[in-house]
Protein chains: 4
Amino acid sequence: MPKLGMEPVRRRALIDATIAAIGDAGTLDVTMSDIAGRAGVSSALAFHYFGGKDDLLLATMRHILAELAADARVALKSAETPRARLSAILDVNFSAKQFRPEIIAAWLAFYVEAQRSEPLRRLLRIYAGRLHSNLMSGLSALLPREQAQTTAEGIAALIDGLYIRRALKQGEPDAASAIALVEDYLSAKLP
Amino acid sequence: MPKLGMEPVRRRALIDATIAAIGDAGTLDVTMSDIAGRAGVSSALAFHYFGGKDDLLLATMRHILAELAADARVALKSAETPRARLSAILDVNFSAKQFRPEIIAAWLAFYVEAQRSEPLRRLLRIYAGRLHSNLMSGLSALLPREQAQTTAEGIAALIDGLYIRRALKQGEPDAASAIALVEDYLSAKLP
Amino acid sequence: MPKLGMEPVRRRALIDATIAAIGDAGTLDVTMSDIAGRAGVSSALAFHYFGGKDDLLLATMRHILAELAADARVALKSAETPRARLSAILDVNFSAKQFRPEIIAAWLAFYVEAQRSEPLRRLLRIYAGRLHSNLMSGLSALLPREQAQTTAEGIAALIDGLYIRRALKQGEPDAASAIALVEDYLSAKLP
Amino acid sequence: MPKLGMEPVRRRALIDATIAAIGDAGTLDVTMSDIAGRAGVSSALAFHYFGGKDDLLLATMRHILAELAADARVALKSAETPRARLSAILDVNFSAKQFRPEIIAAWLAFYVEAQRSEPLRRLLRIYAGRLHSNLMSGLSALLPREQAQTTAEGIAALIDGLYIRRALKQGEPDAASAIALVEDYLSAKLP
DNA sequence: AATGAATGAGCCTTCATTCAT
DNA sequence: AATGAATGAAGGCTCATTCAT
């Protein structure tokens with residue numbers, strides 16, 4: 001029973017289904033039919049709205065990054081000191097919403113795919129740039145320029161490293177200890 | 001004209017071809033035909049020697065890890081202080097032989113695949129364990145147990161993070177600055 | 001705001017769009033969506049007015065043939081001798097309006113399709129019959145019955161042959177030389 | 001039960017099956033599965049040997065034209081006068097082997113497709129050139145240059161026209177009357 | 001009068017895998 | 001030891017068509 005204004009609803013449902021499918025499979029190697037099935041529509045509709053598999057995947061990654069960016073924006077708004085900004089960023093990156101098996105799996109899968117897809121690479125680079133500048137917004141008040149840069153890179157690498165290492169473990173991700181590890185790094189670096 | 005004793009030669013050629021193929025593609029999503037073609041044999045031969053694609057892939061990962069382990073063993077043998085052991089480990093992980101685009105790509109691809117393949121996950125866990133104990137063999141003499149543990153985990157995460165972040169860059173990997181970053185971390189942590 | 005009396009307007013727009021689409025594609029293998037898009041309406045409307053793709057195609061061919069018949073009727077009206085009738089027929093068939101790339105493409109495509117579609121075949125046969133009788137209306141005064149028949153068939157085949165051979169050439173169709181060729185044939189046949 | 005040296009056998013079977021399929025359908029719009037099924041193999045094999053549908057289609061047209069060229073070569077070899085050469089060409093073009101429903105259907109379908117496919121267009125142009133030069137090899141001894149050219153073009157157009165008009169008829173093609181028509185044209189043109 | 005929403009069916013293509021030789 | 005021959009299964013994508021609004 002066709003209704004009007006379904007487009008945004010379907011788009012969102014398909015993106016959510018894509019994340020779920022990738023989360024289950026641990027790869028981008030999921031079928032359009034699977035995704036569409038999870039969203040409760042035919043695969044043809046997914047093509048109708050997104051044009052093709054690559055586009056759906058790209059839209060999905062874009063969605064994930066947009067959520068992350070929105071969360072970060074909110075968290076930073078209530079941080080009152082540079083040090084608090086840093087903790088806020090970590091909290092967001094390892095929040096219950098982000099540090100979930102599905103999101104982690106999608107994250108990794110997209111990283112791998114980025115080696116082949118220029119648009120995807122661009123997307124991830126933008127995210128990396130945003131993370132870096134967010135980190136610098138806290139670090140540059142606490143460390144000399146050079147050291148701030150190095151530390152920002154270190155934190156970024158640590159975050160990605162902690163994400164990827166999750167792939168080897170089973171059970172629920174342990175955000176607390178991940179955060180603790182990065183905070184420990186920060187403590188060692190800050191005077 | 002069939003020759004005798006070709007088996008080890010073919011196996012090695014196929015594994016090298018697999019690494020090359022994965023390196024070019026940036027995924028495990030390479031065909032057996034492509035791999036066999038690169039090795040100069042028919043794809044049927046790859047099946048003959050390895051049984052199937054998964055097995056070939058597993059053998060390839062095993063080979064990469066074995067090389068890494070061998071390199072580490074050699075490097076640690078000539079390290080004379082605990083601190084030197086740590087640097088030796090870093091040097092090996094970011095050596096010209098390991099920190100190459102192909103190996104990096106394979107690494108990532110296998111990490112992702114590990115989410116689906118138990119044998120692969122086991123393999124990577126063994127490597128992670130080995131890295132951890134290698135790091136501890138240096139750290140436990142320099143830091144209290146607890147701190148040594150945390151630092152070892154931090155370094156391991158940093159290494160993986162630096163590997164994964166390579167996927168976003170182009171051009172040759174910059175081993176020197178990767179090492180510098182980890183060494184900087186170490187300096188901050190060690191008294 | 002729905003308007004009244006839109007039906008004939010839409011039907012005509014859709015038929016014109018069909019000719020244009022076939023002309024561009026060189027096949028009947030055009031999508032209803034493409035056609036509807038060119039006509040500025042939704043594809044559902046095309047179904048509403050024509051019932052289905054085959055019906056739209058048939059209506060289009062019918063339209064082309066009707067135009068041709070109308071042109072022929074006018075041209076023959078002002079022809080005063082049998083010989084003039086023949087030239088008039090040729091002029092119409094190779095007129096700027098008929099001997100256009102789009103029409104030629106449609107023509108061929110429909111001929112091919114006629115092998116599968118009985119209604120289409122009937123349509124083309126009617127056109128063939130009309131052409132034949134038009135030609136006879138000139139020839140029978142100039143040649144004995146038998147010879148007139150043969151000549152009419154020859155001219156008809158020549159016309160179709162000249163149309164089909166256009167498919168291999170590029171650039172604008174050269175009506176003049178086509179007409180010259182048939183006129184040359186006529187001159188040879190007429191005493 | 002795999003045998004060696006099957007390649008040429010399969011290629012030929014697939015080309016024959018393609019002609020048959022096109023003949024039955026009256027279009028190039030036949031499926032690879034249908035073709036492969038007729039040839040008694042899986043569709044995957046058709047891809048294996050030909051690379052894709054377009055390539056198989058092209059190979060099929062090439063095959064048809066090669067057969068025609070071979071027949072023409074033989075027929076011309078035993079023609080002893082210029083006039084005999086002309087009749088020989090007609091006999092070949094309307095021989096029982098060429099003027100068959102399947103070949104006619106394929107012919108037309110390829111003509112239509114030529115509007116879209118450059119390689120196909122090139123192929124048909126080569127055939128047209130060959131027919132023209134064959135015709136000129138007879139005509140240039142019988143008519144002044146200019147007239148010979150025109151006549152060659154006329155005959156070529158007549159042949160194609162007679163082929164295309166077959167699409168409207170049913171039952172077996174009537175080669176005799178087709179030849180008679182062209183011969184009549186020739187008689188009128190030759191002194 | 002007109003369309004957005006939705007889908008079933010089908011096609012091209014790829015690939016891991018098998019097997020007789 | 002090595003391969004040519006062959007295929008089943010699956011996936012991305014397209015399109016004519018329907019229907020409630």
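Note that this is a predicted model, so its numbers are computed, not measured. Per chain, numbering begins at 1; letters A, B, ... match sequence-line order.
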| message | With a 3.5 Å distance limit and no angle check, can you tell me whether A/R166 reaches the backbone of A/P101 through a side-chain donor-acceptor pair? | response |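 It does not hold such a pair.
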Open item on the list: Please check this pair: side chain of C/R121 against backbone of C/A114, looking for a donor-acceptor N/O pair closer than 3.5 Å.
Closed with: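 Such a contact is found between C/R121 side chain and C/A114 backbone.
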Contact class for B/Y49 vs. all strands (heavy atom < 4.0 Å): base, sugar-phosphate, or nothing?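 B/Y49: backbone/sugar contact only, no base atoms under 4.0 Å.
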Report task. Under 4.0 Å between any heavy atoms, over every strand shown, what does B/V30 touch: base, sugar-phosphate, or nothing? Just pick one. Result ->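 It contacts sugar-phosphate atoms only.
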- Query: Of C/D29 and A/D54, whose nearest nucleotide on DNA chain F comes first from the 5' end?
  - Reply: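 Nearest nucleotide further toward 5': that of A/D54.
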Can you work out whether D/S43 or B/R10 has the more 5'-proximal nearest nucleotide on DNA chain F?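 With D/S43 and B/R10 compared, the 5'-side residue is B/R10.
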Between [atom2] of [N] and [atom1] of [X], the distance in whole Å:
X	N	atom1	atom2	result
A/F47	F/dC13	CZ	P	4 Å
B/L28	E/dC15	CG	P	15 Å
A/M32	E/dG10	CE	P	21 Å
C/L56	F/dA16	CG	P	11 Å
C/I35	F/dT17	CD1	P	11 Å
D/L4	F/dA2	CG	P	17 Å
B/H48	F/dA5	NE2	P	20 Å
C/K53	F/dT17	NZ	C1'	12 Å

*asked:* Stem list for DNA chain E, please, built from Watson-Crick and G-U wobble pairs under 3.5 Å and keeping only runs of at least 3.
replied: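 As far as DNA chain E goes, consecutive pairing (with distances under 3.5 Å) yields the stems E:2-21 with F:2-21.
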To the nearest 0.5 Å, how far apart are [atom1] in [X] and [atom2] in [Y]?
X	Y	atom1	atom2	value
B/L28	B/L120	CG	CG	7.5 Å
A/F110	A/R62	CZ	CZ	10.5 Å
C/L45	C/R11	CG	CZ	10.5 Å

Checklist entry - Of all the choices, E/dT21, E/dC12, E/dC15, which nucleotide is nearest to the side chain of B/T31 once you look at every atom? => result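 Shortest atom-to-atom distance from the side chain points to E/dC15.
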Q. Start at the 5' end of DNA chain E and walk down; is the nucleotide closest to A/A44 or to A/E7 reached first?
A.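 Closer to the 5' end of DNA chain E: A/E7.
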*asked:* Need to verify one output field. Residue with the more 5' nearest nucleotide on DNA chain E, D/G51 or A/L45?
replied: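 Between the two, 5'-proximity favours A/L45.
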>> Does B/E7 form a salt bridge (charged side-chain N to carboxylate O under 4.0 Å, His left out) with B/R10? I'd like the steps, not just the answer.
In response: CA-CA 5 Å; B/E7 173 153 359; B/R10 297 302 190 199; over 6 Å; no
Restricting to side chain to side chain contact (heavy atoms under 4.5 Å, CB included), what partner residues turn up for A/A39, sequence neighbours left out?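 Partners of A/A39 under the side chain to side chain contact (heavy atoms under 4.5 Å, CB included) test: A/A13, A/L14, A/A17, A/V41.
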